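Keep in mind the model is a prediction, meaning the values are calculated, not measured. Values reported hereafter were calculated over all heavy atoms of this structure, with side chains retained and with hydrogens, waters and symmetry mates removed.
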Amino acid sequence: MKGTTVPFIVKLILEMILKDTVVQLVEQYIPESGYYLVDVNVTPDNRISVEIDSFDGVSIEFCAGLNHFITSQLDRETEDYELQVSSAGLTEPFKVQKQYEKNIGNEVEVLTKAGKKLSGILKDANDTSFIISIEKTEKPEGSKRKVVVIEDIAFLYQDIKTTKYIIRFK
């Protein structure tokens, strides 16, 4: 039984399209387009999903063009695969720094690895951290009424489990 398992695994690995290959193809296609790569996922049965985004939104035409480019660079005769190119989901957690930059000024929900959940306005983002402004009510000493106070809180990306854009219908 072991003798048949090892060749099968080797064959499966050889037939799998490598994620790095797809990433390189996407990066070849998008350099001056204003788009950026959010994520690439390749399953063992060669289902490839590519998520892209831009500061100006994602067009269907661009997704179709990228899909065509990737398809033209992969050999279907050698490797059977399913390819999906799409924009990053609006309700999905942020995966790359540029998504934070894109959403500066928007309301986000942050869940820390420690389990603390906060929501506020994304104020700034850089290579290692981001800042949100949260509103909270406090009762100043000597005052009878509570007042709304805005506090800026900085987070390191490494301390965050998820950050998501909040959609509000008013």
Side-chain angles (χ1 to χ4, degrees), residues 18-45 47-67 69-70 82-170:
L18 298 176
K19 178 178 178 176
D20 290 346
T21 302
V22 178
V23 168
Q24 288 173 4
L25 291 172
V26 173
E27 289 175 348
Q28 264 183 332
Y29 189 80
I30 64 173
E32 296 180 25
S33 65
Y35 286 82
Y36 55 89
L37 178 62
V38 173
D39 196 20
V40 170
N41 187 29
V42 181
T43 64
D45 61 344
R47 291 175 192 238
I48 305 166
S49 65
V50 176
E51 289 181 28
I52 57 171
D53 206 348
S54 85
F55 287 89
D56 299 320
V58 176
S59 74
I60 292 172
E61 294 79 16
F62 189 85
C63 289
L66 178 56
N67 187 309
F69 176 75
I70 294 170
E82 179 181 317
L83 175 61
Q84 176 184 356
V85 176
S86 64
S87 64
L90 191 59
T91 59
E92 293 298 311
F94 298 169
K95 296 177 183 173
V96 296
Q97 179 187 337
K98 284 191 178 188
Q99 288 178 293
Y100 286 85
E101 293 169 5
K102 175 183 179 179
N103 283 284
I104 289 174
N106 292 327
E107 189 175 7
V108 296
E109 178 182 89
V110 176
L111 177 61
T112 67
K113 288 184 179 174
K116 188 173 183 179
K117 188 184 276 191
L118 297 163
S119 62
I121 303 299
L122 184 57
K123 189 173 180 180
D124 192 23
N126 61 40
D127 291 346
T128 58
S129 63
F130 64 97
I131 298 170
I132 64 167
S133 294
I134 63 165
E135 287 185 4
K136 59 183 187 177
T137 55
E138 291 182 351
K139 187 175 176 185
E141 196 172 314
S143 176
K144 293 183 179 182
R145 294 183 179 207
K146 290 184 177 183
V147 295
V148 175
V149 178
I150 296 178
E151 179 183 355
D152 289 348
I153 302 175
F155 297 94
L156 296 173
Y157 295 118
Q158 67 195 31
D159 296 334
I160 300 305
K161 188 172 183 180
T162 61
T163 302
K164 295 181 180 181
Y165 171 73
I166 296 177
I167 301 171
R168 297 245 189 244
F169 298 101
K170 295 180 181 181

For G57, does its backbone N or O pair with a side-chain atom of K102 as donor and acceptor, under 3.5 Å?
no
Starting at CZ of F55, measure out to OH of Y36 and round the result to the nearest 0.5 Å.
5.0 Å
Flag yes if more than 12 heavy atoms outside K95 fall under 6.0 Å of its NZ atom; otherwise flag no.
yes
What's the separation between atom CG in D152 and atom OG in S133, rounded to the nearest 0.5 Å?
3.5 Å
Would you give the length of the straight line joining atom NZ of K123 to atom CD1 of I131, rounded to the nearest 0.5 angstrom?
6.5 Å
Close side-chain approach of T163 to F155, heavy-atom, < 4.5 Å:
no
Separation of I48 CD1 from Q84 CD (nearest 0.5 Å)
11.0 Å
Beyond-backbone contact of T162 with L111, side-chain heavy atoms, under 4.5 angstrom:
yes
I'd like to know whether CD1 of I167 has more than 12 heavy-atom contacts from other residues, nucleotides or ligands below 6.0 angstrom.
yes
Distance, nearest 0.5 Å, that separates CG of L25 from CG of D20
11.0 Å
Taking all heavy atoms of D124 and all of I104, pick out the closest pair and write down the distance.
CA-CD1, 4.0 Å
Determine yes or no for a side-chain-to-main-chain donor-acceptor pair under 3.5 angstrom, with Q97 supplying the side chain and N126 the backbone.
yes
Check for a donor-acceptor pair, side chain of N67 on one end and backbone N or O of C63 on the other, with a separation under 3.5 Å.
no
With heavy-atom distances below 4.5 Å as the criterion, would you say the side chains of L118 and T112 are in contact?
no
What is the distance from atom CD1 of I52 to atom CZ of F62, rounded to the nearest 0.5 Å?
5.0 Å
Test your reading of the model: is there a side-chain donor-acceptor pair from Q24 to the backbone of T21, 3.5 Å cut-off?
no
Below 4.5 Å, heavy atoms only, C-beta onward: do Y35 and S59 meet side chain to side chain?
yes
Answer with yes or no whether the side chains of D56 and S54 bring together a donor and an acceptor at under 3.5 Å.
no
Nearest heavy atoms of P140 and R145, plus distance in Å
CD-O, 3.6 Å
Can you give me the closest heavy-atom contact between Q28 and F69, atom names plus distance?
OE1-CZ, 3.5 Å
Determine the minimum heavy-atom distance between G120 and I132, stating which atoms define it.
N-CD1, 4.2 Å
Identify the two heavy atoms, one from A88 and one from V38, that lie closest to each other, and give their separation to 0.1 Å.
CB-CG2, 4.0 Å
Would you call K164 and E109 a salt bridge, taking side-chain N to carboxylate O under 4.0 Å as the test?
no
Checking the side chain of K136 only, and the main-chain atoms of E151 only, is there a donor and an acceptor separated by less than 3.5 Å?
no
With a 4.5 Å cut-off on side-chain heavy atoms, are F130 and V108 touching?
no
Quick one: sort the Y157 and Y100 rings into parallel, tilted or perpendicular, breaks at 30° and 60°.
perpendicular
For the student: nearest non-hydrogen atoms of D45 and R47, plus distance:
OD2-NE, 2.9 Å
Within-4.5 Å side-chain heavy-atom neighbours: F94 and N103:
yes
